[in-house]
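All values below were derived from every heavy atom in this structure, side-chain atoms included, with hydrogens, water molecules and symmetry-related copies excluded.
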Amino acid sequence: MRRCSRTGCTELAVATLTYVYADSTAVVGPLATQAEPHSYDLCTGHAHNLTAPRGWEVVRFEGEFAQPQHSGEDLTALADAVREAGRVDRPVEVVARPGGTGRRGHLRVLPKPEDG
């Protein structure tokens with residue numbers, strides 16, 4: 001369940017706002033299936049009351065925004081993913097560059113110590 005992107009709002013998101021800069025248009029439609037980096041999730045109130053800058057057009061979905069429904073399949077898939085991540089016998093592949101520590105961000109992959 002995603003929350004409204006507006007600062008201070010704790011309502012559930014029911015719509016997605018996307019800007020089309022080339023056309024100076026703000027598009028408010030039904031909630032996208034996945035969160036996208038350049039779009040904003042909005043609650044009912046913010047989706048219906050959105051205004052755009054002067055000279056911009058707002059294209060808004062006509063009708064009521066439906067509350068997101070989650071099926072039992074969603075919960076089962078989440079439980080399976082958590083169970084898989086927690087398995088002790090899960091194979092983990094470590095790839096390190098020769099002569100390096102494989103540093104990436106704040107994490108380090110250390111090469112295997114040589115036997116002997």
Side-chain angles (χ1 to χ4, degrees):
M1 301 280 254
R2 299 190 320 244
R3 300 271 179 203
C4 183
S5 298
R6 297 294 298 260
T7 303
C9 185
T10 59
E11 298 293 319
L12 291 178
V14 296
T16 298
L17 165 65
T18 306
Y19 291 107
V20 182
Y21 293 98
D23 298 331
S24 299
T25 305
V27 180
V28 180
L31 186 64
T33 55
Q34 293 182 335
E36 297 291 331
H38 300 290
S39 63
Y40 304 90
D41 296 334
L42 300 175
C43 65
T44 302
H46 286 119
H48 286 295
N49 297 321
L50 177 85
T51 59
R54 187 176 308 172
W56 281 59
E57 181 182 358
V58 177
V59 176
R60 196 181 320 265
F61 172 73
E62 294 296 325
E64 290 299 315
F65 294 106
Q67 292 292 330
Q69 300 295 319
H70 293 284
S71 68
E73 292 176 5
D74 292 339
L75 294 175
T76 302
L78 178 60
D80 289 342
V82 169
R83 193 175 302 116
E84 178 66 23
R87 277 186 35 212
V88 176
D89 61 336
R90 183 173 58 113
V92 177
E93 182 180 340
V94 176
V95 178
R97 287 178 265 151
T101 61
R103 183 168 172 77
R104 182 176 179 154
H106 66 283
L107 302 176
R108 263 186 255 170
V109 177
L110 300 175
K112 280 184 168 179
E114 298 300 323
D115 293 337

Donor-acceptor pairs are to be reported for all side-chain atoms of residues 16-31 against protein atoms at under 3.5 Å, with residues two or more places apart or in another chain.
{"residue": "T16", "atom": "OG1", "partner": "A32", "partner atom": "N", "Å": "2.8"}
{"residue": "T25", "atom": "OG1", "partner": "D23", "partner atom": "O", "Å": "2.9"}

*Are W56 and L50 in one and the same hydrophobic cluster, where Ile, Leu, Val, Met, Phe, Trp and Tyr link if side-chain heavy atoms are under 4.5 Å apart?*
yes
Identify all side-chain donor-acceptor contacts of residues 33-40 below 3.5 Å with residues at least two apart in sequence or on another chain.
{"residue": "S39", "atom": "OG", "partner": "E36", "partner atom": "O", "Å": "3.4"}

If you look only at distance, which donor and acceptor atoms sit under 3.5 Å apart when one is on a side chain in residues 41-49 and the other is two or more places apart or in another chain?
{"residue": "D41", "atom": "OD1", "partner": "R2", "partner atom": "NH2", "Å": "3.3"}
{"residue": "D41", "atom": "OD2", "partner": "R2", "partner atom": "NE", "Å": "2.6"}
{"residue": "N49", "atom": "ND2", "partner": "G45", "partner atom": "O", "Å": "3.0"}

